[in-house]
Amino acid sequence: MAIHLTKESKILVQGMTGGEGMKHTRRMLAAGTNVVGGVNPRKAGRTVDFNDRPVPVFGSVTEGVDATGADVTVVFVPPAFTKAAVTEAADAGIGLVVVITEGVPVHDSVAFLAHARRRGTRVIGPNCPGLISPGQSVAGIIPADITKPGRIGLVSKSGTLTYQLMYELRDIGFSTCVGIGGDPVVGTTHIDCLAAFQDDPDTDLIVLIGEIGGDAEERAAAYIRDHVTKPVVGYIAGFTAPEGRTMGHAGAIVSGSSGTARAKQQALEAAGVRVGRTPTETARQVLAVLDAGA
């Protein structure tokens, strides 16, 4: 089993005929993902051949859904067009929209996320690597060849750290890895994924990766304390970041003691989460928890 994405998922790629869309559609197909079409109004009716795998291009998401039964889209369009792309997908009845685009204006994100919620559409991102259920499907840009199927669930703000933990724990494997993105406003949160992993019978342990800035990790800690019975291991990026400086992602801003890695570590540890100081130490913590439960 997995959360949000399985081998049954039928995926459209909005912006498939662009440079990034083409590259990552090819990678998704190579990983076994069921990509059923692309969307580009200017190239509707064409077919793109990916290593002898023909993928049709539709003029709209609605056309793609009607023709293929697609239930997921991956968005590779420029920031100025992202709001329209997500709105179109939600209006077409797509259940999951994965927004890879970075640099989306925050007011656009607020608007399309509110619209998606009204339509019952889950959005992952923006500015995220997407998600992968190893051995089943990839929606986004996460490499499929650095891990294997297993029983760890991973939710992360950072794409790079998602890949590193996947690789560090490749011998154990993952049920699903979700990169939620590091923008100040995102569609799917740590808490959303914690709840889904808690309910997934094939996830035995959860890895949570956060970063300095904001209070998402503190809120996740409170949720873990009250609702999560499975073991959780965490890592917070930014232990050495200077206070008052913007670091990396747009949401990573520290003011005084609020939003520091230390404050987040304390909140998570108070909820029973083991927190590593480095990604490698975090992976060791995961192995220790699994060994203790064996």
Q. What distance separates His190 NE2 from Ile209 CD1, expressed to the nearest 0.5 Å?
A. 8.0 Å

Q | Trace of the side-chain contact (heavy atoms from CB on, under 4.5 Å) decision for Thr17 with Arg42 | A | CA-CA 10 Å; Thr17 56; Arg42 297 189 303 275; over 6 Å; no

Q: Give a yes or no on whether the backbone of Asp171 and the side-chain of Lys148 come within a donor-acceptor separation of less than 3.5 Å.
A: yes

Q: Start with the C-alpha distance between Glu281 and Arg284, add both sets of side-chain angles, then the distance that settles salt bridge (charged side-chain N to carboxylate O under 4.0 Å, His left out), and finish with yes or no.
A: CA-CA 5 Å; Glu281 182 184 322; Arg284 292 196 195 104; 5.8 Å; no

Q) Given side chains that start at C-beta, do those of Arg122 and Asp192 come closer than 4.5 Å, heavy atoms only? A) yes

Q.
Is the shortest side-chain heavy-atom distance between Asp91 and Arg119 below 4.5 Å?
A. yes

Q) Within the side chain of Lys157, is there an N or O that forms a donor-acceptor pair under 3.5 Å with the backbone of Ile212? A) no

Q. Could you give the distance from OH (Tyr167) to CD1 (Ile146), rounded to the nearest 0.5 Å?
A. 9.5 Å

Q. Are Phe197 and Thr176 close enough, and set up right, to give a side-chain contact (heavy atoms from CB on, under 4.5 Å), and what steps lead you there?
A. CA-CA 9 Å; Phe197 284 131; Thr176 302; 4.0 Å; yes

Q. What heavy-atom pair brings Gly38 and Leu12 nearest, and what distance separates the two atoms?
A. N-CD2, 4.5 Å

Q | Worked verdict on Leu290 versus Ile172 for side-chain contact (heavy atoms from CB on, under 4.5 Å) | A | CA-CA 10 Å; Leu290 292 174; Ile172 307 299; 3.8 Å; yes

Q. Any chance OH of Tyr223 has more than 12 other-residue heavy atoms, nucleotides or ligands included, within less than 6.0 Å?
A. yes

Q.
Starting from Val48, can I reach Val61 by hopping between I/L/V/M/F/W/Y residues whose side chains sit under 4.5 Å apart?
A. no

Q.
Please check: side-chain N/O of Gln136 versus main-chain N/O of Lys7, any donor-acceptor pairing under 3.5 Å?
A. yes

Q | Contacts of type side chain to side chain contact (heavy atoms under 4.5 Å, CB included), residue Gln198, not counting sequence neighbours | A | Val228, Thr229, Lys230

(Q) What I'd like to find out is whether the side chain of Phe112 reaches to under 4.5 Å of the side chain of Val104, using heavy atoms alone. (A) yes

Q.
Donor-acceptor pair, distance only, cut-off 3.5 Å: does the side chain of Thr25 make one with the backbone of Met22?
A. no

Q | Reported CG-to-OG1 distance for the pair Leu169 and Thr147, which is rounded to 0.5 angstrom | A | 7.5 Å

**Q.** Co-membership, hydrophobic cluster, residues Val36 and Ile11, 4.5 Å side-chain
**A.** no

(Q) Give me the atom names and distance for the closest heavy-atom approach of Cys128 to Gly179. (A) CB-O, 3.1 Å

Q.
Ser9 and side chain to side chain contact (heavy atoms under 4.5 Å, CB included): which single residue from Val138, Leu96, Val72 fits?
A. Val72

Q) Do Gln285 side-chain atoms and Arg274 backbone N/O form a donor-acceptor pair below 3.5 Å? A) no

Q) Would a 4.5 Å heavy-atom cut-off, applied to side chains only, mark His115 and Lys83 as touching? A) no

Q) Is a side-chain donor or acceptor of Ser137 paired with a backbone partner of Leu5 at a separation under 3.5 angstrom? A) no

Q) So do Pro126 and Thr101 actually touch side chain to side chain, heavy atoms under 4.5 Å? A) no

Q | Thr68 side chain to Ala70 backbone, donor-acceptor under 3.5 Å | A | yes

Q: Give every residue pair that meets the ring-ring contact (aromatic ring centres under 6.0 Å, His included) criterion with at least one member in residues 21-64, sequence neighbours excluded.
A: His24-Phe76

Q: Of all the heavy-atom pairs spanning Ala220 and Leu208, show the shortest one and how long it is.
A: CB-CD1, 3.9 Å

**Q.** Nearest heavy-atom neighbours spanning Cys177 and Thr162
**A.** CB-CG2, 4.4 Å

Q | Exercise: identify the closest heavy-atom pair between Thr280 and Glu168 | A | OG1-OE2, 2.8 Å

**Q.** Point-to-point distance, once rounded to the nearest 0.5 Å, from CD1 of Ile152 to CG of Leu287
**A.** 7.5 Å

Q: Measure from the side-chain N and O atoms of Asp183 to the backbone N and O of Val185, and report whether any donor-acceptor pair falls under 3.5 Å.
A: no

Q. Do Asp200 and Ser175 come within less than 4.5 Å of each other through their side chains, counting heavy atoms only?
A. yes

Q) Of the non-hydrogen atoms in Pro105 and Pro79, which two are nearest, and what is the gap between them? A) CD-O, 4.3 Å

Q) Looking at Ile141, Leu131, Val75, which hits side chain to side chain contact (heavy atoms under 4.5 Å, CB included) with Val98? A) Leu131

Q: Verify, without hydrogens or angle tests, whether Thr188 (side chain) and Ile180 (backbone) share a donor-acceptor contact under 3.5 angstrom.
A: no

Q: Evaluate the side-chain proximity of Arg117 to Leu113: yes if any heavy-atom separation is below 4.5 Å, no if none is.
A: yes

Q) Sub-3.5 Å donor-acceptor pair from the side chain of Lys264 to the main-chain atoms of Gly214, do we have one? A) yes

Q.
Hydrophobic cluster membership, with links at side-chain heavy-atom distances under 4.5 Å among I/L/V/M/F/W/Y: are Val65 and Val74 in one?
A. no

Q | Sub-4.5 Å side-chain heavy-atom contact between Thr82 and Asp108 | A | no

Q | Linked, directly or transitively: Ile142 and Leu29 (ILVMFWY side chains, under 4.5 Å) | A | yes

**Q.** CD1 on Ile94 to OG1 on Thr62, rounded to 0.5 Å
**A.** 8.5 Å

Q) Can you get from Val178 to Leu194 by hopping between Ile, Leu, Val, Met, Phe, Trp and Tyr side chains that sit under 4.5 Å apart? A) yes

Q: With rounding to the nearest 0.5 Å, note down the distance linking NE2 in His4 to OG in Ser133.
A: 9.5 Å

